[in-house]
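Data block below; observations after.
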Amino acid sequence: MKIWVDADACPNVVKEILFRVANRVGVAVTLVANHHVRVPPSPHIKSIQVEQGFDVADNYIVQQVEAGDLVITADIPLADELITKGAHALNPRGEMYTKDTIKQRLQMRDFMETMRSSGIQTGGPAPLSQSDRQNFANKLDSFVAKNHKKS
């Protein structure tokens, strides 16, 4: 199992949690972004910079991910593709996307996009709270404990 990170919009606090988990349990964490992302020196953590462009990082992750891998992303269409491939998707607030919930999330995303395109102000997501961070850390720890086999 590997952990992939859609790093273009991933909060720094979430990256720090991932770095600690990577070093603690020896799981491979790869951050993918269209800009340089600094990572601490570690044999378990790496950063890949892809070209600029719409969904280039997402497409790279989809091409590289394998069934059973975990991807950290808030991108709902990306999460849908990953789940279809047999991977797992966790958002930075600690919500695990599943086959049962992803279609509803896609419909809500599309509805909100339609509202915004018609001129209605919908606002953005709330800032990441302390409970969001804790929820993310707990879900990540639980997933890694269940799915990572130390080599």
Side-chain angles (χ1 to χ4, degrees), residues 1-50 54-113 122-151:
M1 180 205 70
K2 296 176 185 161
I3 298 176
W4 298 87
V5 183
D6 181 8
D8 283 323
C10 186
N12 287 331
V13 67
V14 169
K15 291 176 198 167
E16 293 296 327
I17 293 167
L18 288 160
F19 298 157
R20 287 193 297 273
V21 167
N23 287 318
R24 186 179 74 234
V25 301
V27 65
V29 172
T30 303
L31 289 85
V32 181
N34 60 22
H35 62 278
H36 175 72
V37 177
R38 292 184 57 184
V39 297
S42 169
H44 309 293
I45 303 167
K46 69 180 179 178
S47 174
I48 295 175
Q49 183 176 348
V50 296
F54 184 71
D55 284 345
V56 175
D58 296 356
N59 294 336
Y60 181 88
I61 292 169
V62 169
Q63 290 168 359
Q64 300 300 313
V65 77
E66 296 178 4
D69 286 354
L70 175 65
V71 180
I72 310 305
T73 185
D75 185 316
I76 296 168
L78 173 59
D80 184 41
E81 283 187 76
L82 297 165
I83 291 167
T84 300
K85 266 192 99 169
H88 305 274
L90 176 64
N91 81 15
R93 295 180 186 276
E95 177 187 358
M96 187 68 78
Y97 300 111
T98 66
K99 288 179 182 177
D100 296 332
T101 63
I102 195 65
K103 299 303 180 196
Q104 178 184 1
R105 298 283 300 189
L106 274 170
Q107 289 173 347
M108 180 57 78
R109 176 194 168 274
D110 292 344
F111 173 73
M112 296 303 284
E113 196 169 286
T122 60
L128 206 63
S129 70
Q130 186 60 39
S131 66
D132 291 332
R133 297 172 195 175
Q134 189 63 52
N135 191 35
F136 174 81
N138 290 342
K139 288 279 173 59
L140 178 64
D141 283 342
S142 175
F143 183 88
V144 169
K146 183 178 175 184
N147 295 282
H148 178 65
K149 310 291 185 256
K150 247 186 162 168
S151 49

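For Thr101, the side chain to side chain donor-acceptor pair (under 3.5 Å) criterion is met by Thr98, not counting sequence neighbours. Listed by chain and residue number, Ser42 satisfy the side chain to side chain donor-acceptor pair (under 3.5 Å) test with Asn23 (two or more places apart in sequence, or in another chain). By the side chain to side chain donor-acceptor pair (under 3.5 Å) test, Asp141 pairs with Arg24, sequence neighbours left out. In this structure, the side-chain contact (heavy atoms from CB on, under 4.5 Å) partners of Leu140, at least two apart in sequence or on a different chain, are Ile3, Ile17, Leu18, Val21, Leu70, Leu90, Phe136, Val144. Judged as a side chain to side chain donor-acceptor pair (under 3.5 Å), and not counting sequence neighbours, the contacts of Asn138 are Gln134.
Within the structure, ring-ring contact (aromatic ring centres under 6.0 Å, His included) contacts touching residues 65-88 (residues at least two apart or in different chains) are His88-Phe143. The salt bridge (Lys or Arg N to Asp or Glu O under 4.0 Å) contacts involving residues 130-140 comprise Arg93-Asp132, where partners must be two or more places apart or lie in separate chains. Residue pairs meeting the side chain to side chain donor-acceptor pair (under 3.5 Å) criterion with at least one member in residues 62-72, sequence neighbours excluded: Trp4-Asp69. The salt bridge (Lys or Arg N to Asp or Glu O under 4.0 Å) contacts involving residues 3-15 comprise nothing, where partners must be two or more places apart or lie in separate chains. Listed by first then second residue, pairs satisfying side chain to side chain donor-acceptor pair (under 3.5 Å) with a partner in residues 78-87 read Asp80-Lys103, not counting sequence neighbours. Residue pairs meeting the ring-ring contact (aromatic ring centres under 6.0 Å, His included) criterion with at least one member in residues 7-28: none, sequence neighbours excluded.
When all heavy atoms are compared, the tightest approach of Tyr97 to Ile76 is OH-CG1, 4.0 Å. Minimum interatomic distance between Ala74 and Asn91 (heavy atoms only, all atoms of both residues): CA-CB, 4.2 Å. When all heavy atoms of Ala87 and Val65 are compared, the closest pair comes out as CB-CG2, 3.7 Å. Considering every non-hydrogen atom in both Cys10 and Val5, the closest pair reads SG-CG1, 3.9 Å.
Within the model, atoms NE2 of His36 and OG of Ser47 stand 6.5 Å from one another, a figure rounded to the nearest 0.5 Å.
Annotation: side chain of Val56 is not in contact with side chain of Asn34 (no heavy-atom distance under 4.5 Å).
In this structure, Asp55 contributes its side chain and Asn59 its backbone to no donor-acceptor pair below 3.5 Å.
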Go through it in stages, so that I can follow the logic: the residues are Ile61 and Val32, the test is side chain to side chain contact (heavy atoms under 4.5 Å, CB included), and I'd like the CA-CA distance, side-chain angles, deciding distance and then a yes or no. CA-CA 7 Å; Ile61 292 169; Val32 181; 3.9 Å; yes
Please walk me through it: do Thr30 and Lys2 pass side chain to side chain contact (heavy atoms under 4.5 Å, CB included)? CA-CA 8 Å; Thr30 303; Lys2 296 176 185 161; 5.8 Å; no
